Chemist: 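If you scroll down you'll find the structure; I have some questions about it.
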Amino acid sequence: MEKEAIIRFERVTKIYDGQVVLDDISFDIERGKFYTLLGPSGCGKTTILRLIAGFTEPTEGTIYFHGKPVNHIPANKRQVNTVFQDYALFPHLNVFENVAFGLRIKKKKQAEIREKVMEALRFVNLEGYENRSVQEMSGGQRQRVAIARAIVNEPEVLLLDEPLSALDLKLRTEMQYELRELQRRLGITFIFVTHDQEEALAMSDQIFVLNKGKIQQSGTPKEIYDEPVNRFVADFIGESNILRGVMLKDYLVEFAGKRFMCVDKGFRPNEPVDVVIRPEDLQITTRAQGKLQVRVDSQLFRGVHYELCCYDEDGNEWLVHSTKKAEVGEEIGLYFDPEAIHVMRISEEDGEKIDEN
Amino acid sequence: MRSNHKWGKVYLAVVFVILYMPIVYLIYYSFNSGGTMHDFEGVTLDWYKEVLHDTRLWIIVLNTITIALLSSAISTILGVMGALAIYYVKSWRMKQILLMLNNVLIVSPDVIIGASFLILFTMIGIQLGFTSVLLSHIAFSVPIVVLMVLPKLQEMSSTLIDAARDLGANQWDVLTKVVLPYITPGIFAGFFMALTYSLDDFAVTFFVTGNGFSTLSVEIYSRARQGISLSINALSALLFLLTIALVIGYYFISQKSAVSGMGGRRR
């Protein structure tokens, strides 16, 4: 089913001072979804946001908005609004005037401005704060003002540039729920930039994982978590055990000196691969019953589970999340299902196999 | 430790006494009925009366204030434009060069500025008088305003401009609705600075005043040279009061903007 794309990047490259920040990127953004651009700092995620907002132009390639190229359309003529990382509230204006800024620029009538601003403030639970100075607001409140200031203009796409990074942990979790809820109620497209994989997994419909100016993988949070396409994604999203292995034939893979049944196919015979097993998919059992035999090196209690760091005879490190306790120094067996093994092609840092949905 | 503290206070007091002594001395003798500055004979307000009835003096006061207000207003506009220009210059090198050229004008001796203006004005045939004084005052005030405004611009987060553009503002809106309101405290500081510099400038003005036009500082100088009259003391006392008033006024303005969270920088 082909949905209408609001924004389309077609082979977009961005070069700053001779440095390639975005390298030949193409993707579609659909209406009404929550997208997350996820990656380490310097991966180009903020540049994508600035390109969509219109603060900068692509060096090569074309950006389409509703099918029309918008490369040279300045930021003030685009139907997108941004929530900035430092909120960028105007210090000389109070809360009401900050939110009203965009409407005043558009020369709306006073009554309409008042109504819309109040509605936007209600949306972000800031009723009664309209006469406050933004200086007296807490971080979380400023965040809400920034969101209200953006959504009052009824953008088709809301861009959020790491908006939660300045908040403390508890507030950040709260705001994750609120943002997701807000997106559902407004029904507009959110494009959220973050380096925090938990945020990305919790909120998104669709995640783009970026590294070194390329999209490594795009997909739903579950796809990204369960089926990472390469070592980078597997390593960046959650904790993983990643090993080199050889795909002997379909459904049979060799790693850690042993052969295992798996559910992956479609590789060349004897193709070298990366193998991922998530720590929570490993179960502690006796040495005899385990598929792998390891020695517990250290153990941490993490609340919901114990985190064990183990080594096998070849010196490979195995991270295990288990509700069962083990003893440090104990020899144990690790059991896992064939489905727990995820086999990935080895890629030279590039994300072939970009979007297959 | 404690006695160190005490000596520090004494030292401070001595320094202030030495600094303020001449002014106090001057003001004290402005009430002297004796007519000299060594024998205090009795208290009188005659010298103040003389000052108040001196119409020539009042015209000069008016000139001085007109020049000060006009030159500081014009140089504030030019200085803000200059600061914006320096702020928007992309190349770091160019920025430093412009800034350096600006600062050289501030530190270079007034005498040299005055003399060079005199040469310039006579060369291009501008009559010495109101215009020449005004132009030279504008010239030495602009760099001061630039220096006062630029830090405010630099402390402004660049995302503020992005945010305004994002909300639909064009270049003009960005300037008038975001940048100028943000740097207003700096603009006020620059204006007041230019005002005080213009009011009490002697050296530059001395070079470029012609016949029939004079400002207060030049007039006081020439009267002092003609012989001691205590009306000069009275005049100086009045000026001192005015300066104090200006300083207090500026203090309150900067306090107010500091409270509203915009003027953070206290001087």
Side-chain angles (χ1 to χ4, degrees), chain A residues 17 46 49-50 52-56 73-94 97-108 120 132-137 142 145-155 157-163 166, chain B residues 80 83-84 87-95 148-191 253-266:
Chain A
D17 300 331
T46 300
L49 215 61
R50 293 182 65 81
I52 298 175
F55 299 135
T56 178
I73 304 219
N76 53 339
K77 300 259 160 52
R78 294 194 186 188
Q79 261 305 313
V80 295
N81 286 110
T82 311
V83 177
F84 292 88
Q85 187 170 10
D86 62 354
Y87 317 139
L89 298 177
F90 304 122
H92 58 283
L93 300 176
N94 65 14
E97 288 302 327
N98 259 287
V99 179
F101 191 89
L103 300 174
R104 292 222 190 277
I105 294 280
K106 293 189 196 94
K107 305 248 185 317
K108 302 275 189 207
R132 291 276 189 99
S133 144
V134 292
Q135 320 278 343
E136 325 167 8
M137 309 283 274
R142 287 182 195 198
V145 176
I147 293 170
R149 186 178 67 175
I151 63 173
V152 80
N153 302 290
E154 296 166 0
V157 179
L158 186 68
L159 308 174
L160 301 110
D161 186 7
E162 307 215 17
Chain B
V80 168
L84 284 170
Y87 178 70
Y88 280 117
V89 162
K90 288 232 164 57
S91 131
W92 183 85
R93 241 185 113 77
M94 191 66 195
K95 205 173 263 206
M148 289 272 136
V149 171
L150 206 54
K152 283 305 275 184
L153 274 173
Q154 278 160 345
E155 79 174 40
M156 183 176 71
S157 158
S158 68
T159 54
L160 231 46
I161 293 172
D162 282 346
R165 285 207 295 149
D166 188 69
L167 293 166
N170 56 29
Q171 295 289 345
W172 178 248
D173 290 328
V174 169
L175 185 67
T176 55
K177 295 199 166 77
V178 177
V179 177
L180 287 182
Y182 191 92
I183 61 172
T184 302
I187 297 175
F188 272 113
F191 176 80
I253 286 174
S254 59
Q255 275 284 303
K256 223 177 110 188
S257 53
V259 167
S260 74
M262 292 170 56
R265 202 173 301 267
R266 249 179 251 164

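To find a chain, count down the sequence lines: A is the first, B the second, and so on, and within it residues start at 1. Since the structure is predicted, the reported quantities are computational estimates derived from the model, not experimental observations.
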Chemist: For chain A, which residues of residues 158-165 of chain B have at least one non-hydrogen atom nearer than 4.5 Å to it?
Modeler: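 Listed by number, the contacting residues are B/Thr159, B/Leu160, B/Asp162, B/Ala163, B/Ala164, B/Arg165.
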Chemist: Is it the backbone or the side chain of A/Leu103 that comes under 4.5 Å from a heavy atom of chain B, or both, or neither?
Modeler: neither
Chemist: What pairs meet the salt bridge (Lys or Arg N to Asp or Glu O under 4.0 Å) rule with one or both residues in residues 169-180 of chain B, with sequence neighbours excluded?
Modeler: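 As it turns out, the salt bridge (Lys or Arg N to Asp or Glu O under 4.0 Å) pairs with a partner in residues 169-180 of chain B, which skip direct neighbours, are B/Asp173-B/Lys177.
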Chemist: Counting only N and O atoms by type, is there a donor-acceptor contact under 3.5 Å from the side chain of B/Asp166 to the main-chain atoms of A/Ala75?
Modeler: no
Chemist: Only counting residues at least two apart or in another chain, list the ones meeting side chain to side chain contact (heavy atoms under 4.5 Å, CB included) with A/Arg104.
Modeler: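 If we apply the side chain to side chain contact (heavy atoms under 4.5 Å, CB included) test to A/Arg104, skipping adjacent residues, the hits are A/Phe96, A/Glu97, A/Ala100, A/Gln110, A/Ile113.
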Chemist: With only heavy atoms counted, which part of A/Phe55 is less than 4.5 Å from chain B, the side chain, the backbone, both or neither?
Modeler: both
Chemist: Out of the candidates A/Ile105, A/Asn81, A/Asn76, A/Asn98, only one should pair with B/Leu167 under the side-chain contact (heavy atoms from CB on, under 4.5 Å) rule; please name it.
Modeler: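 Answer after filtering A/Ile105, A/Asn81, A/Asn76, A/Asn98: A/Asn81.
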Chemist: Not counting sequence neighbours, which residues clear side chain to side chain contact (heavy atoms under 4.5 Å, CB included) with B/Gln171? List them please.
Modeler: none
Chemist: Should we count CZ of B/Phe188 as having more than 12 external heavy atoms under 6.0 Å?
Modeler: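 No, not enclosed.
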